[in-house]
Novice: 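I am attaching a structure below and will ask some questions about it afterwards.
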Number of protein chains: 2
Amino acid sequence: MTSDVAPGRSRSGPSIQDVARLAGVSAQTVSRVSTGADNVRPATRDRVLAAMDELGYSPNHAARALRYGSFGTIGLIAHRLARTGESRTVEAVVEAARAEGYTVSLVDVQSPSSDDVTAAAARLSHQSIDGLVIIRAETATPASLVLPPRMPVVVSDSRFVGHHPAVAADQVTGTHVAVQHLLDLGHRTVHHLAGPVGSAPAEIRVDTWREHLVGAGRPLTAPLRGDWTARSGYEQGRLLAQDPDVTAVLCANDEMAAGLIRALYEAGRRVPDDISVVGFDDIPLTEFLWPPLTTVQQDFHLIGHRLMDLLLRQVRDREPLTDTRIVVPTRLVVRASTGPPRA
Amino acid sequence: MTSDVAPGRSRSGPSIQDVARLAGVSAQTVSRVSTGADNVRPATRDRVLAAMDELGYSPNHAARALRYGSFGTIGLIAHRLARTGESRTVEAVVEAARAEGYTVSLVDVQSPSSDDVTAAAARLSHQSIDGLVIIRAETATPASLVLPPRMPVVVSDSRFVGHHPAVAADQVTGTHVAVQHLLDLGHRTVHHLAGPVGSAPAEIRVDTWREHLVGAGRPLTAPLRGDWTARSGYEQGRLLAQDPDVTAVLCANDEMAAGLIRALYEAGRRVPDDISVVGFDDIPLTEFLWPPLTTVQQDFHLIGHRLMDLLLRQVRDREPLTDTRIVVPTRLVVRASTGPPRA
DNA sequence: CCGCTGGATGTTGACGTCAACATCCGCGGC
DNA sequence: GCCGCGGATGTTGACGTCAACATCCAGCGG
């Protein structure tokens, strides 16, 4: 019943030594029990387990990490974490990581520039992480992004193909299908409310949209620019509402589409009667907007899991995956915000 | 020019010894340079820095953590991380942590029950975290939540007052103000679309709503129950639309309000002409719904920062904050979804 | 009854870092 | 010229864990 646990030893709990003392065995035997080695007599094991329980012992992760050279932790760099696509991807990565026994260390960078991402990666690598996931480093470029050598990395951005293993939604097909959907409905051309200049996903969508219209021989207008927020969609929508030629708009995400639709309504233009609108992402609210939004669905959950798969193949199996690329399909969900143009 | 860095030493980079060898000094001198001690001759310091640079050295965090008993890491437990309130709070905590030099280890629990949260906390405490932030452990209860002893903890849930330091939005005032706003408009009573049974924030809103109506001597109806999703709001809205007595509904969050409004429209009941609707949270899209939603704004950003403040007071300053409680104000934002009942 | 075998358990050292203490060296004062 | 002092640098040990090796003992065959 005597308790001779060292009293004032900082914050960290009881050590393996304390347990060993209480159980009347050596530290090594305690270690064997806690790593699940099989050559421990059941009676001894029980005694050790009881001692662990009494002391509330849990192995010191720092010591294990030092011993093994691995933390069981992966770093995750995101920008504007609270945005829909980001937070859902993060959630999926965290979920997949937990399933594999890894913990996720999260860093939210101020800007998605190469400098900030480089700094965040350096910070994380000091944490002795086993691998690094970078989510949508929008304005970073492969050449200027400096990562710790020998660090397994995956990126959710197709721009990094050839430099880092990447997982990306098939935005090209998604955009083609969305534009074609509008043309099929009879629209003469499609306007585009794009994401900010410099953002890679925004540019891919702009390029594909333009290419498709050119390929179909349709008139081309300059893309409008938003910053992904509903407010920017609203502002651009006020401008667009002035233009009687506009009958169909492809928006680079759902938030901007929501803002746009509201601006159109306020200007007296009805969706889809006067103007058809397509979004991108399929956020949970999309279905309950008025009218329910036709949109290009991205499977963020799958993207998150694929990111983790790809990372673990490098971390665990030591596969060198320099230029692997995984494309996750997108899918057009047709709801009520698109229809034929007014005759 | 000779490079005698040990070749096959797993993943971790060069050690302090490698740098010392290259610079022709002892490991301790390298340590002094990297911790910024001042008693190193400038010439020596330069030599060491050059060696660090050449080798790409950075201190091994695991070893430091072992030595110091601290990781510079805080644990963050969340449930359904991708939800609006959660992701914005997480973002704010991560931001505040980074500003203070801490990294955040993220765990997303399957369910917000005491058991799952307890397990997650145990997992994290193995990571040698310095403190723990628990975001909205909805159905966990103070009594059954077992946390590692001596672990600094903060919780964003007022139910834990008296057990753990907590930061919570002032939902009580927010709910009172919202209900009164509807009564002031002339509604005879207010219906309530609540969150799931067992969720603490949901129950607080239910209790306050009921209490306010009773206090004002208004007729009381049983709260409808959703699960925070827009879909559940839609489903309850279909039921509610059948009831001609309903003229005002307070929803426990904005997503459910959006779903509810859509169901009302589909049933031919107009908002706010036939029915007024109030939401809760003020998510970014709220303003761009149709009609723009009157809602109770919660300042998630401030909540995140306050959580971090409270945690650091325990971690850094060793303040024992058992029952501290910080209340973050809420605010009713009146938009276009509320109005007087039809005469 | 002795020695051998094999499983259970103990001992040692190393992972990388840094505080405490030890040592070394140059310079100023007497 | 010698002593002492103080700043720069080196050495030792400890943080907690676990693999490798060492030891111990029970049981069995000869």
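Because the structure is predicted, anything quoted here is derived from the model rather than measured.
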Novice: Can you tell me if the side-chain N/O atoms of A:Tyr57 get under 4.0 Å from OP1 or OP2 in D:dG16?
Specialist: no

Novice: Applying salt bridge (charged side-chain N to carboxylate O under 4.0 Å, His left out), can you list everything that pairs with A:Arg67, at least two apart in sequence or on another chain?
Specialist: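 A:Arg67: no salt bridge (charged side-chain N to carboxylate O under 4.0 Å, His left out) contacts found.
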
Novice: Among residues at least two apart in sequence or on other chains, which ones pass side chain to side chain contact (heavy atoms under 4.5 Å, CB included) with B:Ser105?
Specialist: A:Thr103, A:Ser105, B:Thr73, B:Leu124

Novice: So which protein N/O to nucleotides 8-14 of chain D N/O distances come out below 3.5 Å?
Specialist:
residue, atom, partner, partner atom, Å
D:dT9, OP1, B:Arg41, NE, 3.2
D:dT9, OP1, B:Arg41, NH2, 3.1
D:dT9, OP1, B:Thr44, OG1, 2.5
D:dT9, OP2, B:Arg41, N, 2.9
D:dG10, OP2, B:Ser26, N, 2.8
D:dG10, OP2, B:Ser26, OG, 3.0
D:dG10, OP2, B:Thr29, OG1, 2.8
D:dG10, N7, B:Arg32, NH2, 2.9

Novice: Output every pair passing salt bridge (Lys or Arg N to Asp or Glu O under 4.0 Å) with a member in residues 93-103 of chain B, not counting sequence neighbours, ordered by first then second residue.
Specialist: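 For residues 93-103 of chain B: B:Glu100-B:Arg316.
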
Novice: For the helix from C:dC1-D:dG30 to C:dC30-D:dG1, what angle separates the axis at the start from the axis at the finish, each from five pairs, in steps of 10°?
Specialist: 70°

Novice: Can you sort out the partners of B:Thr118 under side chain to side chain contact (heavy atoms under 4.5 Å, CB included), two or more places apart, ordered by chain and number?
Specialist: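 With neighbours one apart ignored, the set is B:Leu145, B:Val146.
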
Novice: Going by salt bridge (charged side-chain N to carboxylate O under 4.0 Å, His left out), name the residues that satisfy it together with B:Glu86, two or more places apart in sequence or in a different chain.
Specialist: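 Per chain and number, B:Glu86 pairs via salt bridge (charged side-chain N to carboxylate O under 4.0 Å, His left out) with B:Arg83, B:Arg136.
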
Novice: Could you pull out all residues at least two apart from A:Asp53 that satisfy side chain to side chain contact (heavy atoms under 4.5 Å, CB included)?
Specialist: none

Novice: Quick one: list whatever passes side chain to side chain contact (heavy atoms under 4.5 Å, CB included) with A:Asp299, sequence neighbours left out.
Specialist: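 A:Asp299 satisfies side chain to side chain contact (heavy atoms under 4.5 Å, CB included) with A:His301, A:Leu302, A:Val328 once adjacent residues are dropped.
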
Novice: Specify the separation, in whole Å, of atom CZ of A:Arg64 and atom P of D:dT17.
Specialist: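 Rounded to the whole Å, the gap is 8 Å.
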
Novice: Do A:Thr89 and A:Leu307 come close enough that some side-chain heavy atom pair is under 4.5 Å?
Specialist: yes

